Colleague: 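Just passing along the structure, written as structure tokens.
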Amino acid sequence: MAHPTQLGFQDAASPIMEELLHFHDHALMAVLLISMLVLYIISVLMTTKLSSTNTIDAQEIEMVWTIMPAIILIVIALPSLRILYLMDEISNPDMTIKTIGHQWYWSYEYSDFTNLNFDSYMIPTKDLEPGHFRLLEVDNRMITSIGTAARILITAEDVLHSWAVPALGVKSDAIPGRLNQTSFLVPHPGIYYGQCSEICGANHSFMPIVVEALPVPDFLNWIDSAQDA
């Protein structure tokens, strides 16, 4: 959960988000080193009046400033490609949940269970209970179990939406007539908040997403109670 004056990302709640945070720090260090080198060279050129033909016309220096950027790009690209493959790899999921975007609420269908689907609306400010977050709390949360590889099938019924939960490292467009998929695995119990990340109309700001991860026994109890409701 993000908090006021926060400058960085939210704490990672899934292995993929942990990889993304590590890659962010890795790329940021490369950018920082490049920036320091460029600023140093600019400061030297602006403060010295001396010049040398060895620096003005030198094949060695030209080779260095041609090869070094290529090496830096490779160092950044290889971890990035690894994470892209990890994010796209969805093999043998333990559970499948279909997410449908509407104007302006979400619907969830648990494909592995019979008669288990519901709509998820934002709770109005006047109906919030103590401890709930304004514009982020919903009447029906998407429930999953810890340690379970969940596949999320995402689509929309009317206009473009985007299902995004930053702490889980998940963001996928919901497009009418198209079925996108993503996945996540939550190792610890918790409640994770997100919002629609695609401008979808007048009430775009009022489409929160709440994912609650429960221990397996509690999740099975929730399944039984939801099917009986």
Side-chain angles (χ1 to χ4, degrees), residues 1-3 6-29 76-101 106-113 116 118 120 132-133 135-138 140-156 161-175 179-198 207-223 226:
M1 179 66 191
H3 56 80
Q6 180 174 332
L7 298 179
F9 292 100
Q10 297 182 29
D11 293 337
S14 69
I16 289 296
M17 190 59 189
E18 290 179 0
E19 294 285 346
L20 290 172
L21 290 180
H22 290 318
F23 174 71
H24 169 266
D25 297 339
H26 168 75
L28 198 61
M29 288 303 300
I76 294 176
L78 291 180
S80 174
L81 291 174
R82 173 177 172 272
I83 295 175
L84 284 175
Y85 278 108
L86 287 175
M87 294 177 68
D88 285 339
E89 184 68 23
I90 304 176
S91 58
N92 300 323
D94 300 318
M95 179 172 58
T96 299
I97 305 173
K98 185 177 181 181
T99 302
I100 306 173
W106 297 97
S107 297
Y108 299 103
E109 300 177 2
Y110 287 71
S111 305
D112 302 298
F113 305 94
L116 184 53
F118 52 86
S120 179
H132 285 177
F133 296 102
L135 301 182
L136 287 177
E137 196 59 62
V138 297
N140 292 306
R141 296 171 175 173
M142 194 193 89
I143 308 296
T144 185
S145 61
I146 61 173
T148 299
R151 175 176 59 181
I152 313 298
L153 303 178
I154 302 169
T155 186
H161 300 280
S162 183
W163 199 81
V165 183
L168 300 179
V170 174
K171 183 179 185 296
S172 182
D173 288 340
I175 304 172
L179 202 62
N180 291 331
Q181 70 174 359
T182 186
S183 65
F184 61 79
L185 186 148
V186 185
H188 307 292
I191 301 173
Y192 310 102
Y193 294 88
Q195 289 178 303
C196 177
S197 298
E198 188 76 45
M207 287 187 64
I209 301 160
V210 183
V211 178
E212 183 174 0
L214 300 175
V216 175
D218 295 337
F219 174 74
L220 294 177
N221 292 333
W222 175 81
I223 291 291

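Because the structure is predicted, anything quoted here is derived from the model rather than measured.
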Colleague: Carefully, step by step, assess Gln181 and Ser172 under the rule side chain to side chain contact (heavy atoms under 4.5 Å, CB included).
Modeller: CA-CA 7 Å; Gln181 70 174 359; Ser172 182; over 6 Å; no
Colleague: May I ask you to decide if Val216's main-chain N or O and Ser145's side chain share a donor-acceptor pair within less than 3.5 Å?
Modeller: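 Pair absent, no side-chain N/O of Ser145 close to backbone of Val216.
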Colleague: Are the side chains of Met95 and Phe219 in touch, meaning some heavy atoms are under 4.5 Å apart?
Modeller: yes
Colleague: Determine whether more than 12 heavy atoms belonging to other residues, nucleotides or ligands lie under 6.0 Å from atom CZ of Phe113.
Modeller: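 Counting other residues, nucleotides and ligands, CZ of Phe113 exceeds 12 neighbours.
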Colleague: For residues Val165 and Phe184, determine if any side-chain heavy atom of one lies less than 4.5 Å from a side-chain heavy atom of the other.
Modeller: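 Side chain of Val165 against side chain of Phe184, heavy atoms only: no contact under 4.5 Å found.
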Colleague: Taking the side chain as everything from C-beta on, heavy atoms only, tell me whether Ile83 gets closer than 4.5 Å to Leu20.
Modeller: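 Yes, side chains in contact.
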Colleague: Would you name the heavy atoms of Leu116 and Ala226 that are closest together and state the gap between them?
Modeller: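 Shortest heavy-atom separation between Leu116 and Ala226 comes out as CD1-CB, 3.5 Å.
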Colleague: Below 4.5 Å, heavy atoms only, C-beta onward: do Thr144 and Tyr192 meet side chain to side chain?
Modeller: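 Not in contact.
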Colleague: Using side-chain heavy atoms (C-beta onward) and a distance below 4.5 Å, is Thr155 in contact with Lys98?
Modeller: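 They are in contact (side-chain heavy atoms under 4.5 Å apart), so the answer is yes.
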Colleague: Any heavy-atom pair between the side chains of Trp163 and Met142 that's under 4.5 Å?
Modeller: yes
Colleague: Roughly how far, to the nearest 0.5 Å, is CG of Leu86 from OG of Ser183?
Modeller: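 Spacing of OG (Ser183) from CG (Leu86) equals 10.0 Å.
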Colleague: Calculate, to the nearest 0.5 Å, the distance between atoms NE2 and CE belonging to His24 and Met17 respectively.
Modeller: 9.5 Å
Colleague: Closest heavy-atom contact between Ile209 and Cys196?
Modeller: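 Of all heavy-atom pairs spanning Ile209 and Cys196, the closest is CD1-N, 4.3 Å.
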Colleague: Surrounding CG of Asp11 (heavy atoms of other residues, nucleotides or ligands, distance under 6.0 Å), is the total greater than 12?
Modeller: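 Not more than 12 within 6.0 Å, no.
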Colleague: Do the non-hydrogen side-chain atoms of Trp106 and His161 ever get within less than 4.5 Å of each other?
Modeller: yes
Colleague: I need the minimum non-hydrogen distance between Ile97 and Ile143, along with the two atoms involved.
Modeller: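 Heavy atoms of Ile97 and Ile143 come nearest at CD1-O, 4.3 Å.
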Colleague: Would you say the side-chain atoms of Asn180 pair up with the backbone N or O of Asp173, donor to acceptor, closer than 3.5 Å?
Modeller: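 Yes; at least one donor-acceptor contact below 3.5 Å.
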Colleague: Assign the ring pair Tyr108 / Phe118 to parallel, tilted or perpendicular, where the plane angle (0 to 90°) is split at 30° and 60°.
Modeller: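 Correct class here is tilted.
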Colleague: Between Ala149 and Leu185, which heavy-atom pair has the shortest distance, and what is it?
Modeller: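 Closest approach of Ala149 to Leu185, heavy atoms only: N-CD1, 4.0 Å.
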Colleague: For a side chain to side chain contact (heavy atoms under 4.5 Å, CB included) check, start with the C-alpha distance between Ile152 and Val170, then their side-chain angles and the critical distance, and finish with the verdict.
Modeller: CA-CA 10 Å; Ile152 313 298; Val170 174; 5.8 Å; no
Colleague: Heavy-atom distance under 4.5 Å between the side chains of Phe23 and Ser80, does that happen here?
Modeller: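 Yes, at least one pair of side-chain atoms sits under 4.5 Å.
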Colleague: Sub-3.5 Å donor-acceptor pair from the side chain of Glu18 to the main-chain atoms of Leu21, do we have one?
Modeller: no
Colleague: Working note: Val210 + Leu136, criterion side chain to side chain contact (heavy atoms under 4.5 Å, CB included); need CA distance, chi angles, decisive distance, verdict.
Modeller: CA-CA 7 Å; Val210 183; Leu136 287 177; 5.7 Å; no
Colleague: Calculate, to the nearest 0.5 Å, the distance between atoms CD and CD1 belonging to Glu137 and Ile191 respectively.
Modeller: 7.0 Å
Colleague: Working to the nearest 0.5 angstrom, can you tell me the gap between Leu78 CG and Arg82 CZ?
Modeller: 11.0 Å
Colleague: What closest approach, in Å, do Met87 and Gly169 show between heavy atoms, and which atom pair accounts for it?
Modeller: CE-O, 4.1 Å
Colleague: Identify the heavy atoms of Leu153 and Thr96 that sit nearest to each other, and give their distance.
Modeller: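 Scanning both residues, the minimum pair turns out to be CD1-CG2, 3.8 Å.
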